[in-house]
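Quick note: numbers below take in every heavy atom, side chains included, and nothing from hydrogens, waters or symmetry partners.
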Amino acid sequence: INQPFPLILGRDLAGTIVETGPGVKHFKAGDRVWATNQGTDGRAGTFAEYATVHECWLNVTPAGAKDEEMAALSLVAITAHLGLVHHAHLRAHETLFVNGGSGGVGSSVVQIAKILGAKVTCVELMFGRAGWTLDLDRLLHALTPSTRAVYINSPNNPTGWTLGATDQQAILAHCRRHGIWIVADDAYERLYFEGAGVAAAAPSFLDLAEPDDRIVSTNTFSKTWLMT
């Protein structure tokens with residue numbers, strides 16, 4: 001990571017501009033803005049009372065929105081939008097399956113998909129003596145030929161549930177047959193422990209993917225190292 005010292009952590013911000021440089025064209029002091037994707041590639045992080053940000057990273061905060069809301073939504077909502085709109089091309093009346101439908105990205109996926117006019121189906125995880133588990137048969141039954149995409153967050157936030165390699169293979173084979181996009185939120189793949197001698201990262205759909213597979217893997221440096 002190309003970061004100067006002292007290293008300042010943090011990816012997202014929202015607040016009010018207090019001062020602008022002479023070359024700034026689109027913002028002025030007093031404007032309310034939000035930004036994400038800071039704290040990397042030479043850009044200072046946002047865990048500070050004041051932050052210096054290039055105007056190309058700033059966005060206008062909508063009237064009535066709170067800074068806390070914008071900072072919380074920025075990364076997760078962008079992740080959801082990129083997966084659904086730019087990659088899966090989700091359209092009105094199509095079906096989207098969201099595993100669980102919780103967490104920051106998962107809840108954003110549900111809301112954005114409904115705004116787009118899609119039908120959203122969720123299959124929740126079940127909790128028992130073995131911890132959190134997924135009913136794979138129920139999931140596959142919900143993934144019909146009319147399903148446009150399936151969103152899976154593994155390792156899951158907030159439960160910690162992780163999809164195993166065998167179930168991944170079954171889901172991938174099913175989605176290949178029906179032309180269903182897989183949007184895999186792998187943000188917590190490095191926060192995964194399964195005992196000594198086992199891989200340090202959680203199983204990923206990218207390990208199984210062929211060049212023509214419809215898989216979007218979303219990841220983030222900040223979730224693993226800068227924020228968590």
Let me confirm one number: the [atom1]-[atom2] distance from [X] to [Y], rounded to the nearest 0.5 Å.
X    : Y    : atom1 : atom2 : result
K119 : S146 : NZ    : OG    : 7.0 Å
L143 : F97  : CG    : CZ    : 5.5 Å
I215 : D186 : CD1   : CG    : 9.5 Å
H174 : Q169 : NE2   : CD    : 15.5 Å
L9   : T46  : CG    : OG1   : 9.0 Å

Over all heavy atoms of both residues, which pair between [X] and [Y] is shortest? Give the atoms and the distance, please.
X    : Y    : result
N59  : A35  : ND2-CA, 4.4 Å
W132 : W161 : O-CD1, 3.3 Å
A29  : T20  : N-CG2, 4.1 Å
W57  : T36  : CE3-O, 4.0 Å
A113 : L96  : CB-CD2, 3.5 Å

> Does atom NE2 of H93 have more than 12 heavy-atom neighbours from other groups under 6.0 Å away?
Replying inline: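 No.
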
[X] side chain near [Y] side chain, heavy-atom distance below 4.5 Å:
X    : Y    : value
V120 : C122 : yes
Q168 : F205 : yes
V150 : V183 : no
L125 : T133 : no
D185 : I152 : no
L84  : V109 : yes
I171 : L163 : yes

>> Could you work out, with salt bridge (charged side-chain N to carboxylate O under 4.0 Å, His left out) as the rule, every residue matching K25, not counting sequence neighbours?
In response: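 Testing K25 for salt bridge (charged side-chain N to carboxylate O under 4.0 Å, His left out), a comparison that skips the adjacent residues, returns none.
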
> With D135, which residues qualify under salt bridge (charged side-chain N to carboxylate O under 4.0 Å, His left out), at least two apart?
Replying inline: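 Partners of D135 under the salt bridge (charged side-chain N to carboxylate O under 4.0 Å, His left out) test: none.
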
> Between T159 and N156, does any side-chain donor sit less than 3.5 Å from a side-chain acceptor?
Replying inline: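 Yes, a side-chain donor-acceptor pair sits under 3.5 Å.
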
> Does the pair H89 and E94 meet the rule for a side-chain contact (heavy atoms from CB on, under 4.5 Å), with working shown?
Replying inline: CA-CA 10 Å; H89 304 293; E94 291 184 323; over 6 Å; no

Are [X] and [Y] linked, directly or through other ILVMFWY residues, by side chains that come within less than 4.5 angstrom of each other?
X    : Y    : value
L140 : L134 : yes
L208 : L139 : yes
L90  : I112 : yes
V216 : L82  : no
V60  : L58  : yes

> Given V105 and Y151, is the side-chain contact (heavy atoms from CB on, under 4.5 Å) satisfied, shown in steps?
Replying inline: CA-CA 10 Å; V105 178; Y151 167 83; 3.3 Å; yes

>> Between W34 and L13, does the side-chain contact (heavy atoms from CB on, under 4.5 Å) criterion hold? Intermediate values first, please.
In response: CA-CA 6 Å; W34 64 273; L13 67 83; 5.7 Å; no

Would you check if the side chain of [X] reaches a backbone N or O of [Y] as a donor-acceptor pair within less than 3.5 Å?
X    : Y    : answer
D213 : E210 : yes
R43  : Q38  : no
R148 : A88  : yes
D31  : V33  : no
R214 : I182 : no
H178 : I180 : no
S154 : T162 : no

> Hey, are E19 and K28 close enough for a salt bridge, meaning a charged N less than 4.0 Å from a carboxylate O?
Replying inline: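 Salt bridge between E19 and K28, a charged N being under 4.0 Å from a carboxylate O: no.
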
Side-chain donor-acceptor pairs under 3.5 Å in residues 66-81, sequence neighbours left out?
from : atom 1 : to  : atom 2 : distance (Å)
D67  : OD1    : R32 : NH2    : 2.9
E69  : OE1    : K66 : N      : 3.1
S74  : OG     : D12 : OD1    : 3.4
S74  : OG     : A71 : O      : 3.3
T79  : OG1    : L75 : O      : 2.8

> Between R11 and N37, does a side-chain contact (heavy atoms from CB on, under 4.5 Å) hold up when you go through it step by step?
Replying inline: CA-CA 5 Å; R11 295 282 266 182; N37 210 29; 3.4 Å; yes

